[in-house]
Amino acid sequence: MKRDILIIDDDEDLTMILSDMLTDHGFDVMHACSSEEAFRLLSERRFHLILLDINLPDAEGFEVCRELRRVSEVPVIFASARTSESDRITGLDIGGDDYIPKPFSMKELLSRINALLRRTYGFGDAEQRITFGDVTVNLSARTVTKAGAEVSLSLREFDLLACLTQHMNTAIPKDKLLSEVWGAFSEVDPSTLTVHIRWLREKLEDDPAKPKYIKTVYKVGYMLEIREDTA
């Protein structure tokens with residue numbers, strides 16, 4: 001499955017090296033050199049993981065992480081030349097998932113990134129398929145078929161469906177879906193989510209008016225319900 005990483009670091013030389021390495025391993029990488037630029041990118045799109053420095057020109061990475069944790073559970077790895085025990089503890093206590101000191105081995109960083117993505121999303125080298133009824137979702141290839149015929153989904157529609165599959169049989173609040181699919185600080189109107197859910201139902205459900213799989217959970221949000229008697 002497509003994996004998007006945001007690097008927040010003002011060291012452009014290091015960031016270029018990291019971007020090249022991660023791109024070579026199949027990641028899509030974007031870079032922000034300040035907290036302001038990071039928040040702008042986070043309002044425009046979703047990322048699967050954030051690599052975050054502490055010393056930024058306009059804020060501490062700790063503050064970025066605190067703000068992020070108010071609205072998102074996206075995995076965060078602190079990568080910093082600040083290696084004191086208190087900094088490492090602070091980074092983990094405020095919601096960081098890992099902390100790697102600079103300078104670090106590129107191989108070790110890649111291993112930590114892959115391990116964290118596997119724990120969080122189940123990402124791995126094997127092809128990931130989810131089937132319900134006559135619908136098959138290939139998360140690795142980003143394709144969907146219904147009764148053997150390919151279904152054309154927009155980027156947002158597929159990301160929304162992927163998010164639902166990653167939390168199947170669990171009610172996901174609307175604000176979390178908006179954060180995960182449109183970006184942590186996105187200002188997208190909630191009605192946009194409603195419209196995209198309707199489009200998914202029209203393309204995947206046999207009876208969109210009475211959905212069997214993509215359920216509305218009253219006063220919460222939505223859920224992809226896949227039970228043994230419905231799969």
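What's counted below: heavy atoms across the whole structure, side chains too, no hydrogens, waters or symmetry copies.
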Q: Taking the basic N atoms (NZ, or NE/NH1/NH2) and the acidic carboxylate oxygens, is any pair closer than 4.0 Å for E44 and R40?
A: yes

Q: State, to 0.1 Å, how close F78 and C65 come at their nearest heavy-atom pair, and which atoms those are.
A: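 Closest pair (atom of F78, atom of C65, distance): CZ-CB, 3.7 Å.
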
Q: State, to 0.1 Å, how close L116 and T120 come at their nearest heavy-atom pair, and which atoms those are.
A: O-OG1, 2.8 Å

Q: So does R3 pair up with D28, basic N to acidic O under 4.0 Å?
A: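 No, R3 and D28 are not salt-bridged.
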
Q: Taking K203 first and then E157, would you say they form a salt bridge - that is, a charged N and a carboxylate O separated by under 4.0 Å?
A: yes

Q: Check R198 with E202, please: is the shortest side-chain N to carboxylate O separation under 4.0 Å?
A: yes

Q: Begin with the C-alpha distance, continue with both residues' side-chain angles, and end with the deciding distance and a verdict on salt bridge (Lys or Arg N to Asp or Glu O under 4.0 Å) for E180 and K176.
A: CA-CA 6 Å; E180 293 294 323; K176 180 173 180 177; 5.6 Å; no

Q: Which heavy-atom pair separates L41 from M30 by the least distance, and what is that distance?
A: CD2-CE, 3.7 Å

Q: Measure from NZ or CZ of R156 to the centre of the six-membered ring of F158, then state whether that distance is under 6.0 Å and the direction lies within 45° of the axis.
A: no

Q: So that I can tick it off, tell me whether D207 and R201 are bridged by a salt bridge, with the cut-off set at under 4.0 angstrom between side-chain N and carboxylate O.
A: no

Q: Would you call K212 and E225 a salt bridge, using N to O less than 4.0 angstrom?
A: no

Q: In plain terms, say whether R82 and D53 are close enough for a salt bridge, that is, a side-chain N and a carboxylate O under 4.0 Å apart.
A: no

Q: Got a salt bridge between R66 and E63, using NZ or NE/NH1/NH2 to carboxylate O under 4.0 Å?
A: yes

Q: Please say whether more than 12 non-hydrogen atoms of neighbouring residues, nucleotides or ligands are located less than 6.0 Å from CE in M106.
A: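 Enclosed.
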
Q: May I ask you to say whether R69 pairs ionically with D97, meaning some side-chain N is under 4.0 Å from a carboxylate O?
A: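 Result for this pair is yes, salt bridge flagged.
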
